[in-house]
K.L.:
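Quick one: the structure is below, questions incoming.
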Amino acid sequence: MKKIIITIAGTVVLAIPAISGAASLKPGPYTSLFIGVSSLQDANTATDQFTVPITTFDDRVEFDPGVNIGGTLGYDFGIIRLEGELSYKYNEMDRITDRDTGESYRSVDGNIGTFAFMANAFVDLHNDTPVTPYFGGGIGVAVINLSDTYATDSLGIRRTLYIEDDDSVFAYQVGGGLDIALNRQLSLDLGYRYFASEKADFSDDWFQASRIKLESHNVTVGVKVKF
């Protein structure tokens, strides 16, 4: 994660000398690539174990900061931009706490990966400088993968808490950023997105089923090329 942050900071610093003489971007089709940090918020996870009677466990899951990479293909109409976006977010679990008993599991080994296919619309606030603020959002589909998740309980017993599965759910995002023109075809994009999904249902396993809703804060740096 430190390498990612250093890379982002270095890209911004290297771009600064070119900003002062850059011209505004012209309307037309464009594509972009971006990389950044995804901070997945703590999530409540409900797990039903199909015993007799059925037992439900309510957990609080905390995550480490992860990576967010992706790209877009869109068209700039001058004020409004429409684009399709494909991205992947990956976060490892840091801590799991049973909300009913307060027990905190140790040595957690599990992760969540999210492929997102989004249709976005952004409004560009053009001005007399090379720096264009923008805001907007999008809707789409998120394919969420939950890995097999293991942790050690207070008795020192290694347990399987969640079973690997994936689910496709509705997702949306809102945010904004700065588009920094380097020339008429190339710009640097500094962006923020709040991303959220509907509750995913991981229920392929015969023994148990888990449900979780994802919300994350994402900061990215990208390069946009206008055709």
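The first residue in the sequence is number 1, and the count goes up from there.
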K.L.:
Could you check Val37 against Asn68 for side chain to side chain contact (heavy atoms under 4.5 Å, CB included), going step by step and ending with a plain yes or no?
P.N.:
CA-CA 6 Å; Val37 177; Asn68 175 25; over 6 Å; no

K.L.:
May I have the step-by-step check of side-chain hydrogen bond (donor to acceptor under 3.5 Å, both in side chains) for Tyr194 and His217, ending in yes or no?
P.N.:
CA-CA 5 Å; Tyr194 167 79; His217 299 281; over 6 Å; no

K.L.:
Under the side-chain hydrogen bond (donor to acceptor under 3.5 Å, both in side chains) criterion, do Glu83 and Tyr30 qualify, and how do the steps go?
P.N.:
CA-CA 9 Å; Glu83 65 180 30; Tyr30 66 88; 2.6 Å; yes

K.L.:
Holding to side chain to side chain donor-acceptor pair (under 3.5 Å), I want the full list of residues that pass it with Glu62, two or more places apart in sequence or in another chain.
P.N.:
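Once residues adjacent in sequence are excluded, Glu62 has no partner under the side chain to side chain donor-acceptor pair (under 3.5 Å) criterion.
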
K.L.:
For Phe34 versus Ser87, what's the shortest heavy-atom pair and its separation?
P.N.:
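That closest heavy-atom pairing would be CZ-CB, 3.9 Å.
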
K.L.:
Going through the distances and angles, do Tyr162 and Glu164 end up as a side-chain hydrogen bond (donor to acceptor under 3.5 Å, both in side chains)?
P.N.:
CA-CA 7 Å; Tyr162 312 127; Glu164 181 179 10; over 6 Å; no

K.L.:
Please check: side-chain N/O of Ser147 versus main-chain N/O of Thr149, any donor-acceptor pairing under 3.5 Å?
P.N.:
no

K.L.:
Hydrophobic clusters here meaning ILVMFWY residues chained together by side-chain heavy-atom distances under 4.5 Å, can you tell me if Leu190 and Ile35 are in one?
P.N.:
yes

K.L.:
If you measure from OG on Ser168 to CD1 on Ile144, what distance do you get to the nearest 0.5 Å?
P.N.:
8.5 Å

K.L.:
Report the residue from Ile163, Asp165, Thr45, Thr47 that forms a side chain to side chain contact (heavy atoms under 4.5 Å, CB included) with Phe202.
P.N.:
Asp165

K.L.:
If you count heavy atoms of other groups shown closer than 6.0 angstrom to CD1 of Ile139, is the number above 12?
P.N.:
no

K.L.:
Indicate, with yes or no, if Ile69 and Leu188 share a hydrophobic cluster defined by side-chain heavy-atom contacts under 4.5 Å among Ile, Leu, Val, Met, Phe, Trp and Tyr.
P.N.:
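Linked, Leu188 and Ile69 end up in one cluster.
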
K.L.:
Looking only at atom types and distance, does a side-chain atom of Thr31 sit under 3.5 Å from a main-chain N or O of Thr72, one as donor and one as acceptor?
P.N.:
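Yes; judged by distance alone, with no hydrogens or angles, the pair exists.
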
K.L.:
Name all residues meeting the side chain to side chain donor-acceptor pair (under 3.5 Å) criterion together with Asn218; count only those two or more places apart in sequence or in a different chain, and write none if there are none.
P.N.:
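If we apply the side chain to side chain donor-acceptor pair (under 3.5 Å) test to Asn218, skipping adjacent residues, the hits are Ser38, Ser216.
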
K.L.:
Please determine whether the number of non-hydrogen atoms from other residues, nucleotides or ligands lying under 6.0 Å from atom CZ of Arg60 exceeds 12.
P.N.:
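Buried by this count: over 12 neighbours within 6.0 Å.
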
K.L.:
Please enumerate all residues that pass salt bridge (charged side-chain N to carboxylate O under 4.0 Å, His left out) together with Asp42, with sequence neighbours excluded.
P.N.:
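Counting only residues at least two positions away or on another chain, Asp42 forms no salt bridge (charged side-chain N to carboxylate O under 4.0 Å, His left out).
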
K.L.:
Strictly below 4.0 Å, N to O, side chains only: are Arg158 and Asp153 in salt-bridge contact?
P.N.:
no

K.L.:
Keeping the roles fixed (side chain from His126, backbone from Gly78), state whether a donor-acceptor pair exists under 3.5 Å.
P.N.:
yes

K.L.:
Would you check if Val108 and Ile96 make a side-chain contact, meaning some heavy-atom pair closer than 4.5 Å?
P.N.:
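Side chain of Val108 against side chain of Ile96, heavy atoms only: contact under 4.5 Å found.
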
K.L.:
Rounded to the nearest 0.5 Å, how far apart are NZ of Lys199 and CG of Asn44?
P.N.:
8.0 Å

K.L.:
Where is the tightest heavy-atom contact between Glu215 and Ala196, given as atom of each residue plus distance?
P.N.:
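The answer is CG-CB, 4.1 Å.
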
K.L.:
Begin from the C-alpha positions of Phe122 and Ile79 and carry the test side chain to side chain contact (heavy atoms under 4.5 Å, CB included) through to its verdict.
P.N.:
CA-CA 8 Å; Phe122 292 103; Ile79 298 177; over 6 Å; no

K.L.:
Under the side chain to side chain contact (heavy atoms under 4.5 Å, CB included) rule, what do Tyr90 and Thr114 come out as? Steps first, then yes or no, please.
P.N.:
CA-CA 6 Å; Tyr90 176 86; Thr114 304; over 6 Å; no

K.L.:
How close do Ser187 and Ala181 get, counting heavy atoms only, and between which atoms?
P.N.:
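Closest pair (atom of Ser187, atom of Ala181, distance): CB-CA, 3.9 Å.
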
K.L.:
With side chains defined as the heavy atoms from C-beta onward, is the minimum distance between Pro133 and Asn127 less than 4.5 Å?
P.N.:
yes

K.L.:
Judged by atom type as modelled, is there a donor-acceptor pair below 3.5 Å linking the side chain of Gln208 to the main-chain atoms of Leu161?
P.N.:
yes

K.L.:
Is the closest side-chain heavy-atom distance between Ile212 and Ile112 below 4.5 Å?
P.N.:
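Yes. Closest side-chain heavy atoms under 4.5 Å.
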
K.L.:
Could you go through the side-chain hydrogen bond (donor to acceptor under 3.5 Å, both in side chains) check for Thr132 and Asp124 one step at a time?
P.N.:
CA-CA 6 Å; Thr132 303; Asp124 292 327; over 6 Å; no

K.L.:
Determine, for Asp76 against Arg81, whether the closest basic-nitrogen to carboxylate-oxygen distance falls under 4.0 angstrom.
P.N.:
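A salt bridge is absent here (no side-chain N lies under 4.0 Å from a carboxylate O).
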
K.L.:
When clusters are formed by joining ILVMFWY residues with side-chain heavy atoms under 4.5 Å apart, either directly or through shared neighbours, do Tyr172 and Leu214 land in the same one?
P.N.:
no

K.L.:
Test Val131 against Asp179 for side chain to side chain contact (heavy atoms under 4.5 Å, CB included), laying out the working first.
P.N.:
CA-CA 6 Å; Val131 181; Asp179 185 281; over 6 Å; no

K.L.:
Kindly compute the distance separating OH (Tyr105) from OG1 (Thr97), expressed to the nearest 0.5 Å.
P.N.:
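Tyr105 atom OH to Thr97 atom OG1 measures 9.5 Å (nearest 0.5 Å).
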
K.L.:
Can you tell me how far CG of Leu146 sits from CZ of Arg211, rounded to the nearest 0.5 angstrom?
P.N.:
13.0 Å

K.L.:
Using 0.5 Å steps for rounding, measure from the CE atom of Met93 to the CG atom of Asp109.
P.N.:
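Nearest 0.5 Å value for the CE-CG distance: 9.5 Å.
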
K.L.:
Between Pro65 and Asn91, which heavy-atom pair has the shortest distance, and what is it?
P.N.:
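That would be C-ND2, 3.8 Å.
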
K.L.:
Work out which heavy atom in Thr101 is nearest to a heavy atom in Asp98; give both atom names and the distance.
P.N.:
N-OD1, 3.2 Å

K.L.:
Please check this pair: side chain of Asn183 against backbone of Gln185, looking for a donor-acceptor N/O pair closer than 3.5 Å.
P.N.:
yes

K.L.:
Is the backbone of Asp189 close enough, under 3.5 Å, to the side chain of Lys224 for a donor and an acceptor to pair up by distance?
P.N.:
no

K.L.:
If you compare all heavy atoms of Asp48 against all heavy atoms of Thr56, which two are closest, and at what distance to 0.1 Å?
P.N.:
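That would be OD1-OG1, 2.6 Å.
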
K.L.:
Under 4.5 Å between side-chain heavy atoms, counting indirect links through other Ile/Leu/Val/Met/Phe/Trp/Tyr residues: same cluster for Phe135 and Met118 or not?
P.N.:
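Phe135 does not cluster with Met118.
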
K.L.:
Between Glu92 and Phe63, is there a side-chain heavy-atom distance shorter than 4.5 Å?
P.N.:
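No, side chains not in contact.
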
K.L.:
Crowded around Ile80 CD1? As in, over 12 foreign heavy atoms under 6.0 Å?
P.N.:
no

K.L.:
Which class fits the ring pair Tyr88 and Phe115: parallel under 30°, tilted 30 to 60°, perpendicular over 60°?
P.N.:
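Rings of Tyr88 and Phe115: tilted, 30 to 60°.
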
K.L.:
Can you tell me how far apart CG (Leu82) and CG (Asn120) are? Round to the nearest 0.5 Å.
P.N.:
9.5 Å

K.L.:
Do the side chains of Val123 and Phe77 join up, straight or via other hydrophobic residues, at under 4.5 Å, putting them in one cluster?
P.N.:
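Yes, one cluster joins them.
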
K.L.:
So, Arg193 side chain and Gly176 main chain: donor-acceptor pair closer than 3.5 Å or not?
P.N.:
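Checking the backbone N and O of Gly176 against the side chain of Arg193, a donor-acceptor pair under 3.5 Å is found.
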
